[in-house]
Amino acid sequence: MTNQNVIISDPRSGFDSSLLSLSPAVPGPLPQPGRFIAVPAKRSFKNIDSTDAARITALLDSMRASSPTRRSSETENLNSWIVHHPSALNMFDEIINSSKGKQIVVFLDYDGTLSPIVDDPDKAFMTCEMREAVRNTSKYFPTAIVSGRCRAKVFNFVKLSELYYAGSHGMDIKAPVKGRNYRKGNNQTVLCQPAREFLPMISEVYKSLVEKTKSIPGAKVENNKFCLSVHFRRVEEKRWTELAEQVKSVTKEYPTLRLTQGRKVLEIRPSIKWDKGNALEFLLESLGYANSNDVLPIYIGDDRTDEDAFKVLRDRGQGFGILVSKSPKETNATYSLQEPLEVMYFLNRLVEWKQSSLQQKYQKK
(Lines give C-alpha, C1' and ligand atoms only; values in the text may rest on other atoms or scores of the structure.)
Protein backbone atom coordinates (compact mmCIF):
# COMPACT_ATOMS: atom_id res chain seq x y z
CA MET A 1 0.00 0.00 0.00
CA THR A 2 1.23 3.49 -0.78
CA ASN A 3 1.22 6.03 2.02
CA GLN A 4 -0.44 9.34 1.19
CA ASN A 5 0.07 12.53 3.19
CA VAL A 6 1.47 10.53 6.08
CA ILE A 7 3.30 12.27 8.89
CA ILE A 8 5.55 10.16 11.07
CA SER A 9 6.14 12.21 14.20
CA ASP A 10 9.02 11.37 16.47
CA PRO A 11 8.24 12.72 19.95
CA ARG A 12 11.94 12.84 20.75
CA SER A 13 12.80 15.25 17.94
CA GLY A 14 9.48 16.97 17.36
CA PHE A 15 10.07 16.53 13.61
CA ASP A 16 7.21 16.17 11.13
CA SER A 17 8.04 15.09 7.60
CA SER A 18 6.56 17.24 4.82
CA LEU A 19 3.21 16.29 3.39
CA LEU A 20 3.05 14.42 0.13
CA SER A 21 0.80 16.02 -2.49
CA LEU A 22 -2.26 14.19 -3.64
CA SER A 23 -4.10 15.10 -6.83
CA PRO A 24 -7.88 15.02 -6.55
CA ALA A 25 -9.59 12.14 -8.28
CA VAL A 26 -12.47 12.61 -10.66
CA PRO A 27 -15.59 13.34 -8.59
CA GLY A 28 -17.72 10.25 -8.12
CA PRO A 29 -21.30 9.99 -9.41
CA LEU A 30 -24.29 10.98 -7.36
CA PRO A 31 -26.12 8.23 -5.47
CA GLN A 32 -28.43 6.24 -7.71
CA PRO A 33 -32.17 6.90 -7.45
CA GLY A 34 -33.91 4.92 -4.71
CA ARG A 35 -36.73 2.53 -5.41
CA PHE A 36 -39.29 3.74 -2.90
CA ILE A 37 -40.64 7.25 -3.54
CA ALA A 38 -40.07 9.59 -6.46
CA VAL A 39 -40.10 13.38 -6.30
CA PRO A 40 -43.70 14.62 -6.11
CA ALA A 41 -44.94 15.71 -9.53
CA LYS A 42 -46.24 18.97 -8.19
CA ARG A 43 -42.75 20.01 -7.03
CA SER A 44 -40.82 21.99 -9.64
CA PHE A 45 -37.17 22.95 -9.53
CA LYS A 46 -36.98 26.68 -10.02
CA ASN A 47 -34.09 28.45 -11.69
CA ILE A 48 -32.08 25.29 -12.35
CA ASP A 49 -31.37 23.44 -15.59
CA SER A 50 -32.55 19.93 -16.43
CA THR A 51 -29.24 18.31 -15.54
CA ASP A 52 -29.23 19.79 -12.04
CA ALA A 53 -32.90 18.87 -11.64
CA ALA A 54 -32.13 15.24 -12.51
CA ARG A 55 -29.27 15.17 -10.03
CA ILE A 56 -31.44 16.66 -7.29
CA THR A 57 -34.12 14.08 -8.06
CA ALA A 58 -31.53 11.31 -7.70
CA LEU A 59 -30.30 12.82 -4.45
CA LEU A 60 -33.83 13.14 -3.04
CA ASP A 61 -34.66 9.55 -3.95
CA SER A 62 -31.48 8.45 -2.21
CA MET A 63 -32.43 10.44 0.89
CA ARG A 64 -35.78 8.67 1.02
CA ALA A 65 -34.20 5.29 0.33
CA SER A 66 -32.03 5.74 3.43
CA SER A 67 -35.14 5.26 5.59
CA PRO A 68 -37.47 2.87 3.72
CA THR A 69 -40.98 2.18 4.96
CA ARG A 70 -41.31 -1.12 6.80
CA ARG A 71 -43.23 -3.78 4.91
CA SER A 72 -45.34 -6.70 6.11
CA SER A 73 -42.89 -9.11 4.44
CA GLU A 74 -39.91 -7.69 6.32
CA THR A 75 -39.73 -10.58 8.79
CA GLU A 76 -39.70 -13.07 5.93
CA ASN A 77 -37.02 -11.07 4.14
CA LEU A 78 -34.92 -10.86 7.32
CA ASN A 79 -35.10 -14.62 7.83
CA SER A 80 -33.88 -15.17 4.29
CA TRP A 81 -31.16 -12.51 4.62
CA ILE A 82 -29.88 -13.86 7.94
CA VAL A 83 -29.07 -17.17 6.26
CA HIS A 84 -26.44 -15.38 4.19
CA HIS A 85 -25.36 -12.98 6.97
CA PRO A 86 -25.72 -14.98 10.21
CA SER A 87 -25.41 -13.46 13.64
CA ALA A 88 -21.81 -12.95 14.73
CA LEU A 89 -22.92 -14.06 18.21
CA ASN A 90 -24.29 -17.35 16.91
CA MET A 91 -21.20 -17.86 14.76
CA PHE A 92 -18.73 -16.77 17.43
CA ASP A 93 -16.97 -20.14 17.62
CA GLU A 94 -16.47 -20.15 13.86
CA ILE A 95 -14.90 -16.68 14.02
CA ILE A 96 -12.58 -17.75 16.84
CA ASN A 97 -11.55 -20.89 14.98
CA SER A 98 -10.49 -18.70 12.07
CA SER A 99 -8.25 -16.69 14.41
CA LYS A 100 -5.97 -19.55 15.43
CA GLY A 101 -2.35 -18.41 15.17
CA LYS A 102 -3.44 -14.92 14.16
CA GLN A 103 -3.64 -11.51 15.79
CA ILE A 104 -7.20 -10.20 15.91
CA VAL A 105 -7.48 -6.47 15.11
CA VAL A 106 -10.80 -4.79 15.88
CA PHE A 107 -12.25 -1.87 13.87
CA LEU A 108 -15.42 -0.15 15.10
CA ASP A 109 -17.69 2.48 13.59
CA TYR A 110 -19.22 4.82 16.18
CA ASP A 111 -22.76 6.05 15.39
CA GLY A 112 -25.19 3.15 15.19
CA THR A 113 -22.48 0.71 16.27
CA LEU A 114 -21.20 1.84 19.66
CA SER A 115 -24.01 4.34 20.25
CA PRO A 116 -27.64 4.39 19.13
CA ILE A 117 -28.73 6.54 16.20
CA VAL A 118 -30.36 9.64 17.70
CA ASP A 119 -32.11 12.72 16.29
CA ASP A 120 -29.47 15.10 17.63
CA PRO A 121 -25.98 14.02 16.50
CA ASP A 122 -24.44 15.98 19.39
CA LYS A 123 -26.18 13.63 21.83
CA ALA A 124 -25.04 10.29 20.41
CA PHE A 125 -23.55 9.14 23.70
CA MET A 126 -22.29 5.62 24.29
CA THR A 127 -23.16 3.89 27.56
CA CYS A 128 -20.62 3.39 30.34
CA GLU A 129 -21.00 -0.37 29.81
CA MET A 130 -20.12 -0.02 26.13
CA ARG A 131 -17.10 2.13 26.97
CA GLU A 132 -15.89 -0.53 29.39
CA ALA A 133 -16.37 -3.22 26.74
CA VAL A 134 -14.28 -1.23 24.24
CA ARG A 135 -11.63 -0.49 26.87
CA ASN A 136 -11.31 -4.17 27.75
CA THR A 137 -11.17 -5.11 24.07
CA SER A 138 -8.22 -2.77 23.54
CA LYS A 139 -6.31 -4.49 26.35
CA TYR A 140 -6.07 -7.67 24.28
CA PHE A 141 -6.46 -6.54 20.65
CA PRO A 142 -5.40 -3.48 18.65
CA THR A 143 -8.64 -1.49 18.46
CA ALA A 144 -9.57 1.40 16.16
CA ILE A 145 -12.59 3.69 15.91
CA VAL A 146 -13.32 4.51 12.25
CA SER A 147 -15.98 7.21 11.97
CA GLY A 148 -17.35 9.89 9.69
CA ARG A 149 -17.11 12.26 12.65
CA CYS A 150 -14.06 14.44 13.04
CA ARG A 151 -11.39 12.70 15.09
CA ALA A 152 -11.58 15.13 18.02
CA LYS A 153 -15.37 14.80 18.27
CA VAL A 154 -15.45 11.01 18.23
CA PHE A 155 -12.64 10.97 20.82
CA ASN A 156 -14.75 13.19 23.07
CA PHE A 157 -17.56 10.64 22.82
CA VAL A 158 -15.40 7.58 23.41
CA LYS A 159 -12.89 9.08 25.87
CA LEU A 160 -10.36 6.25 25.57
CA SER A 161 -6.72 7.13 24.85
CA GLU A 162 -5.73 3.51 24.25
CA LEU A 163 -7.36 3.36 20.82
CA TYR A 164 -6.51 4.25 17.25
CA TYR A 165 -8.85 6.92 15.89
CA ALA A 166 -9.69 7.42 12.22
CA GLY A 167 -12.04 10.39 11.82
CA SER A 168 -13.57 12.03 8.74
CA HIS A 169 -14.17 8.64 7.08
CA GLY A 170 -10.54 7.69 7.62
CA MET A 171 -9.02 10.95 6.36
CA ASP A 172 -7.63 11.82 9.80
CA ILE A 173 -5.85 8.96 11.57
CA LYS A 174 -3.90 8.98 14.81
CA ALA A 175 -2.37 6.22 16.91
CA PRO A 176 -2.90 5.80 20.67
CA VAL A 177 -1.19 8.25 22.98
CA LYS A 178 -1.01 5.69 25.74
CA GLY A 179 -1.58 2.03 26.44
CA ARG A 180 -0.14 -1.12 24.95
CA ASN A 181 2.02 -0.70 21.85
CA TYR A 182 0.99 -3.24 19.21
CA ARG A 183 3.05 -1.79 16.39
CA LYS A 184 6.08 -3.60 15.13
CA GLY A 185 9.36 -1.76 14.79
CA ASN A 186 9.03 1.66 16.42
CA ASN A 187 7.18 3.83 18.91
CA GLN A 188 6.54 6.77 16.61
CA THR A 189 3.19 8.50 16.45
CA VAL A 190 1.43 7.81 13.15
CA LEU A 191 -0.71 10.53 11.65
CA CYS A 192 -2.37 10.20 8.25
CA GLN A 193 -4.19 13.14 6.65
CA PRO A 194 -4.51 12.50 2.90
CA ALA A 195 -6.95 15.41 2.35
CA ARG A 196 -5.05 18.11 4.24
CA GLU A 197 -4.94 20.44 1.23
CA PHE A 198 -8.76 20.56 1.20
CA LEU A 199 -9.10 22.12 4.65
CA PRO A 200 -9.58 25.73 3.45
CA MET A 201 -12.19 24.60 0.92
CA ILE A 202 -14.07 22.50 3.46
CA SER A 203 -14.22 25.48 5.82
CA GLU A 204 -15.55 27.70 3.03
CA VAL A 205 -18.23 25.19 2.01
CA TYR A 206 -19.26 24.74 5.64
CA LYS A 207 -20.03 28.44 5.99
CA SER A 208 -22.02 28.42 2.74
CA LEU A 209 -24.05 25.37 3.76
CA VAL A 210 -24.88 26.82 7.16
CA GLU A 211 -26.14 29.98 5.48
CA LYS A 212 -28.10 28.11 2.80
CA THR A 213 -29.81 25.67 5.15
CA LYS A 214 -30.58 27.94 8.11
CA SER A 215 -34.13 28.51 6.86
CA ILE A 216 -34.93 24.77 6.96
CA PRO A 217 -36.04 23.71 10.46
CA GLY A 218 -34.18 20.66 11.77
CA ALA A 219 -31.32 20.79 9.27
CA LYS A 220 -27.91 20.64 10.89
CA VAL A 221 -24.53 21.08 9.21
CA GLU A 222 -21.67 19.38 11.03
CA ASN A 223 -18.03 20.26 10.35
CA ASN A 224 -16.02 17.05 10.57
CA LYS A 225 -12.76 18.80 9.62
CA PHE A 226 -11.99 16.91 6.40
CA CYS A 227 -15.63 16.39 5.43
CA LEU A 228 -19.06 17.86 6.14
CA SER A 229 -22.32 16.25 7.21
CA VAL A 230 -25.78 17.68 6.55
CA HIS A 231 -28.14 15.91 8.94
CA PHE A 232 -31.82 15.79 7.95
CA ARG A 233 -33.20 13.32 10.51
CA ARG A 234 -35.16 16.15 12.15
CA VAL A 235 -36.27 17.78 8.89
CA GLU A 236 -39.87 17.26 7.78
CA GLU A 237 -39.96 15.13 4.66
CA LYS A 238 -41.87 17.80 2.75
CA ARG A 239 -38.76 20.02 3.10
CA TRP A 240 -36.27 17.42 1.83
CA THR A 241 -36.52 18.61 -1.77
CA GLU A 242 -35.69 22.15 -0.71
CA LEU A 243 -32.78 20.88 1.36
CA ALA A 244 -31.44 18.83 -1.55
CA GLU A 245 -31.64 21.90 -3.81
CA GLN A 246 -29.76 24.06 -1.32
CA VAL A 247 -27.01 21.50 -0.79
CA LYS A 248 -26.56 20.95 -4.52
CA SER A 249 -26.49 24.70 -5.18
CA VAL A 250 -23.39 24.87 -2.98
CA THR A 251 -21.57 21.68 -3.94
CA LYS A 252 -21.88 22.21 -7.69
CA GLU A 253 -19.45 25.12 -7.34
CA TYR A 254 -16.78 22.75 -5.99
CA PRO A 255 -16.08 20.00 -8.55
CA THR A 256 -13.29 18.51 -6.42
CA LEU A 257 -15.78 17.64 -3.70
CA ARG A 258 -18.27 14.79 -3.88
CA LEU A 259 -21.67 14.29 -2.33
CA THR A 260 -22.57 10.93 -0.79
CA GLN A 261 -25.40 9.52 1.30
CA GLY A 262 -25.52 7.97 4.76
CA ARG A 263 -28.27 7.24 7.27
CA LYS A 264 -30.37 10.44 7.24
CA VAL A 265 -27.25 12.43 6.42
CA LEU A 266 -25.65 13.91 3.31
CA GLU A 267 -21.85 13.80 3.27
CA ILE A 268 -19.60 16.23 1.40
CA ARG A 269 -15.98 15.15 1.14
CA PRO A 270 -12.92 15.48 -1.10
CA SER A 271 -12.95 13.49 -4.33
CA ILE A 272 -9.81 11.54 -3.50
CA LYS A 273 -9.26 7.81 -3.50
CA TRP A 274 -9.58 7.45 0.23
CA ASP A 275 -12.32 5.94 2.37
CA LYS A 276 -12.80 3.67 5.38
CA GLY A 277 -11.37 0.77 3.40
CA ASN A 278 -8.15 2.71 2.79
CA ALA A 279 -8.06 3.64 6.47
CA LEU A 280 -8.34 -0.03 7.43
CA GLU A 281 -5.43 -0.93 5.13
CA PHE A 282 -3.34 1.98 6.40
CA LEU A 283 -3.87 0.93 10.02
CA LEU A 284 -3.00 -2.69 9.28
CA GLU A 285 0.17 -1.47 7.57
CA SER A 286 0.99 0.75 10.55
CA LEU A 287 0.62 -2.26 12.81
CA GLY A 288 3.01 -4.26 10.63
CA TYR A 289 0.38 -6.47 9.00
CA ALA A 290 0.37 -5.04 5.46
CA ASN A 291 1.14 -8.34 3.71
CA SER A 292 0.74 -10.67 6.62
CA ASN A 293 -1.23 -13.89 6.90
CA ASP A 294 -1.10 -13.91 10.69
CA VAL A 295 -3.76 -11.26 11.26
CA LEU A 296 -7.57 -11.43 11.43
CA PRO A 297 -9.23 -8.01 11.04
CA ILE A 298 -12.79 -7.71 12.34
CA TYR A 299 -14.68 -4.59 11.22
CA ILE A 300 -18.07 -3.76 12.77
CA GLY A 301 -20.22 -0.97 11.28
CA ASP A 302 -23.76 -0.04 10.31
CA ASP A 303 -23.46 2.58 7.56
CA ARG A 304 -23.03 2.63 3.80
CA THR A 305 -19.58 4.11 4.27
CA ASP A 306 -18.54 0.98 6.20
CA GLU A 307 -19.14 -1.05 3.05
CA ASP A 308 -15.79 0.20 1.72
CA ALA A 309 -14.07 -1.54 4.63
CA PHE A 310 -16.21 -4.67 4.29
CA LYS A 311 -15.25 -4.87 0.62
CA VAL A 312 -11.53 -4.58 1.41
CA LEU A 313 -11.78 -7.53 3.79
CA ARG A 314 -13.75 -9.57 1.28
CA ASP A 315 -11.28 -8.78 -1.52
CA ARG A 316 -8.35 -9.66 0.74
CA GLY A 317 -10.04 -12.93 1.71
CA GLN A 318 -8.94 -12.09 5.22
CA GLY A 319 -10.99 -11.15 8.27
CA PHE A 320 -14.70 -10.49 8.65
CA GLY A 321 -17.07 -7.58 8.21
CA ILE A 322 -20.00 -7.45 10.61
CA LEU A 323 -23.00 -5.28 9.66
CA VAL A 324 -25.12 -3.79 12.45
CA SER A 325 -28.69 -3.76 11.18
CA LYS A 326 -32.19 -4.89 12.13
CA SER A 327 -33.34 -5.01 8.51
CA PRO A 328 -31.97 -6.72 5.38
CA LYS A 329 -29.42 -4.69 3.42
CA GLU A 330 -27.18 -5.40 0.50
CA THR A 331 -23.75 -5.73 2.07
CA ASN A 332 -20.21 -7.07 1.70
CA ALA A 333 -20.22 -8.05 5.38
CA THR A 334 -20.01 -11.72 6.33
CA TYR A 335 -21.94 -11.58 9.60
CA SER A 336 -24.50 -9.35 11.27
CA LEU A 337 -25.53 -7.95 14.64
CA GLN A 338 -28.87 -6.23 15.21
CA GLU A 339 -27.99 -3.29 17.46
CA PRO A 340 -25.24 -1.68 19.59
CA LEU A 341 -26.24 -3.87 22.55
CA GLU A 342 -25.31 -6.96 20.53
CA VAL A 343 -22.04 -5.28 19.56
CA MET A 344 -21.26 -4.93 23.27
CA TYR A 345 -22.13 -8.60 23.87
CA PHE A 346 -19.81 -9.60 21.01
CA LEU A 347 -16.90 -7.51 22.34
CA ASN A 348 -17.40 -8.93 25.83
CA ARG A 349 -17.34 -12.48 24.47
CA LEU A 350 -14.17 -11.68 22.58
CA VAL A 351 -12.52 -10.49 25.79
CA GLU A 352 -13.78 -13.47 27.81
CA TRP A 353 -12.43 -15.87 25.18
CA LYS A 354 -9.02 -14.20 25.23
CA GLN A 355 -8.85 -14.16 29.01
CA SER A 356 -9.76 -17.85 29.13
CA SER A 357 -7.15 -18.68 26.47
CA LEU A 358 -4.42 -16.86 28.38
CA GLN A 359 -5.41 -18.57 31.62
CA GLN A 360 -5.28 -22.01 30.01
CA LYS A 361 -1.91 -21.19 28.49
CA TYR A 362 -0.59 -20.06 31.87
CA GLN A 363 -1.84 -23.24 33.59
CA LYS A 364 -0.02 -25.44 31.10
CA LYS A 365 3.33 -23.88 32.00
Side-chain angles (χ1 to χ4, degrees), residues 1-6 22 24-29 31-32 81-88 91 94-109 112-113 141-148 164 166 168-173 182 184 190 192 194-195 227 258 260-262 267 269-325 328-337 343 346 350:
M1 175 183 172
T2 302
N3 289 344
Q4 303 181 61
N5 282 22
V6 179
L22 180 65
V26 176
Q32 293 298 310
W81 182 81
I82 208 75
V83 171
H84 301 286
H85 306 284
S87 167
M91 304 301 292
E94 178 177 296
I95 294 172
I96 293 305
N97 289 336
S98 300
S99 73
K100 288 182 179 179
K102 300 178 181 180
Q103 171 66 61
I104 292 176
V105 182
V106 178
F107 299 88
L108 302 164
D109 181 27
T113 300
F141 314 101
T143 303
I145 307 296
V146 187
S147 173
Y164 291 79
S168 303
H169 297 290
M171 288 184 282
D172 190 8
I173 302 175
Y182 293 98
K184 300 177 180 180
V190 177
C192 175
C227 61
R258 61 189 173 111
T260 59
Q261 171 75 40
E267 305 274 6
R269 44 180 162 155
S271 294
I272 62 173
K273 185 63 181 82
W274 197 269
D275 52 38
K276 289 185 176 182
N278 298 106
L280 182 151
E281 291 183 306
F282 175 85
L283 285 166
L284 287 177
E285 182 177 314
S286 299
L287 288 162
Y289 294 112
N291 299 300
S292 175
N293 292 320
D294 58 354
V295 63
L296 186 80
I298 296 177
Y299 189 108
I300 308 178
D302 75 306
D303 197 68
R304 292 184 184 185
T305 57
D306 297 309
E307 290 297 327
D308 296 317
F310 296 155
K311 187 176 186 302
V312 165
L313 294 180
R314 187 173 288 276
D315 290 346
R316 288 169 66 108
Q318 187 178 45
F320 301 110
I322 301 176
L323 176 68
V324 183
S325 177
K329 294 180 181 178
E330 185 176 344
T331 181
N332 285 298
T334 306
Y335 301 110
S336 64
L337 292 168
V343 174
F346 179 84
L350 205 57

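All residue numbers in this chain count up from 1 along the given sequence.
- Nearest heavy atom pair, residue R269 against residue T305, reads NH2-CG2, 3.7 Å.
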side-chain contact (heavy atoms from CB on, under 4.5 Å) evaluation trace for I95 with S98: CA-CA 5 Å; I95 294 172; S98 300; 5.8 Å; no
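- Rounding to the nearest 0.5 Å gives a distance of 5.0 Å between OG of S325 and CH2 of W81.
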side-chain contact (heavy atoms from CB on, under 4.5 Å) between Y335 and E94, worked out: CA-CA 11 Å; Y335 301 110; E94 178 177 296; 2.4 Å; yes
Worked verdict on T331 versus E307 for side chain to side chain donor-acceptor pair (under 3.5 Å): CA-CA 7 Å; T331 181; E307 290 297 327; 2.7 Å; yes
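- With respect to the salt-bridge test (charged N to carboxylate O, under 4.0 angstrom), the residues K276 and D109 qualify.
- The side-chain heavy atoms of Y164 and I145, taken from C-beta on, include no pair separated by under 4.5 Å.
- Nearest approach of R316 to A290, heavy atoms of both residues: NH2-O, 3.9 Å.
- Residues Q103 and P142 approach most closely at NE2-CD, 3.2 Å, considering heavy atoms.
- Counting only heavy atoms from C-beta outward, the side chains of S336 and I82 approach each other to under 4.5 Å.
- Remark: the backbone N or O of A195 is not paired with any side-chain donor or acceptor of W274 at under 3.5 angstrom.
- A distance of 12.5 Å separates CE of M91 from CD1 of I96, quoted to the nearest 0.5 Å.
- With a 4.5 Å cut-off on side-chain heavy atoms, L108 and T143 count as touching.
- Expressed to the nearest 0.5 Å, how far OG of S147 lies from CG of D303 amounts to 9.5 Å.
- Between C227 and S168, the shortest heavy-atom distance links the atoms SG-CA, 3.8 Å.
- Using a 4.5 Å heavy-atom cutoff, the side chains of I298 and F107 are not in contact.
- Between F310 and Y299, the ring planes are perpendicular. Angles over 60° get that label, and only those under 30° would be called parallel.
- Side-chain contact between Y289 and K102 is absent, with no heavy-atom pair separated by less than 4.5 Å.
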Evaluation steps, side-chain contact (heavy atoms from CB on, under 4.5 Å), between R314 and K311: CA-CA 5 Å; R314 187 173 288 276; K311 187 176 186 302; 5.6 Å; no
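- Taken from NE2 in H85 to CG in L337, the straight-line distance is 13.0 Å, to the nearest 0.5 Å.
- When all heavy atoms of I322 and A88 are compared, the pair lying nearest together is CD1-CB, 3.7 Å.
- Counting non-hydrogen atoms of other residues, nucleotides and ligands closer than 6.0 Å to CG of D315 gives a total above 12.
- In this structure, the separation between CG on L323 and OG1 on T113 is 8.5 Å, given to the nearest 0.5 Å.
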Stepwise side-chain contact (heavy atoms from CB on, under 4.5 Å) check, K273 with D275: CA-CA 7 Å; K273 185 63 181 82; D275 52 38; 4.1 Å; yes
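- Contact detail for P297 and L313: the closest heavy-atom pair is CB-CD2, 3.7 Å.
- E267 pairs with exactly one of Q261, H169, R258 by the side-chain contact (heavy atoms from CB on, under 4.5 Å) rule, that one being H169.
- The one candidate from L350, L296, V105 that meets the side-chain contact (heavy atoms from CB on, under 4.5 Å) condition with F141 is L350.
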